[in-house]
Amino acid sequence: MKKTKKKLAILKRLGSLIDEAHISQARIARQMNTSPALISRWKNGSITPSIESYEKLCRILNEDVDYLLTGVVKLDNIESPDREEMILRQ
């Protein structure tokens with residue numbers, strides 16, 4: 001099955017969020033009651049998590065599901081497609 005550009009962008013953001021959180025894949029797997037191998041496959045884009053898994057991951061990573069799915073950061077009713085720029089402004 002061919003992945004769309006949108007799915008690939010989501011999976012890339014997911015991998016980046018996991019790296020930025022400095023939480024091991026084993027710890028994420030324990031919190032999600034799954035295997036570290038599955039987390040690794042999500043992170044490297046070989047399979048796509050379910051919506052429920054995206055929600056759990058975002059809670060663990062303390063990230064907004066909207067950002068993960070769209071790449072848009074919402075801060076006080078302001079939208080910005082550039083997350084790094086918003087972080088630098090803080």
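Remember, it's a predicted structure, so these values are computed and weren't measured experimentally.
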message = Under a 3.5 Å distance rule, please check whether S16 uses its side chain to pair with a backbone N or O of K12 as donor and acceptor.
response = yes

ask   = Got a sec, which residues hit side-chain hydrogen bond (donor to acceptor under 3.5 Å, both in side chains) with D64, two or more places apart in sequence or on another chain?
value = none

note = Here the gap from L17 atom CG to C58 atom SG, rounded to the nearest 0.5 Å, amounts to 7.0 Å

ask   = Where is the tightest heavy-atom contact between A26 and P36, given as atom of each residue plus distance?
value = CA-CG, 3.9 Å

task = Sort and list the pairs that fulfil salt bridge (charged side-chain N to carboxylate O under 4.0 Å, His left out) and have at least one residue in residues 37-49, not counting sequence neighbours.
result = D19-K43

ask   = Do any pairs count as a salt bridge (charged side-chain N to carboxylate O under 4.0 Å, His left out) and have a residue in residues 26-37, sequence neighbours left out, and if so which ones?
value = none

Pair listing, salt bridge (charged side-chain N to carboxylate O under 4.0 Å, His left out) test, anchored in residues 48-59, at least two apart = none

message = If I take atom CD1 from residue I18 and atom CZ from residue R13, how far apart are they, to the nearest 0.5 angstrom?
response = 13.5 Å

message = Please evaluate residues Y54 and L68 with respect to the criterion side chain to side chain contact (heavy atoms under 4.5 Å, CB included), reporting the C-alpha separation (whole Å), side-chain torsions for both, the decisive distance (0.1 Å), and the verdict.
response = CA-CA 8 Å; Y54 279 134; L68 178 63; 3.3 Å; yes

task = Report the distance from atom NZ of K6 to atom OG1 of T70, rounding to the nearest 0.5 Å.
result = 8.5 Å

inquiry  = For a 4.5 angstrom cut-off between non-hydrogen side-chain atoms, does P49 reach L14?
reply    = yes

task = For residues L57 and M32, determine if any side-chain heavy atom of one lies less than 4.5 Å from a side-chain heavy atom of the other.
result = yes

inquiry  = For I60 versus I23, what's the shortest heavy-atom pair and its separation?
reply    = O-CD1, 4.0 Å

inquiry  = List the residues meeting side chain to side chain contact (heavy atoms under 4.5 Å, CB included) with L38, not counting sequence neighbours, and say none if there are none.
reply    = T34, S35, W42, I47

query = How many angstroms lie between CG in L8 and OG1 in T48, if you round to the nearest 0.5 Å?
reply = 8.5 Å

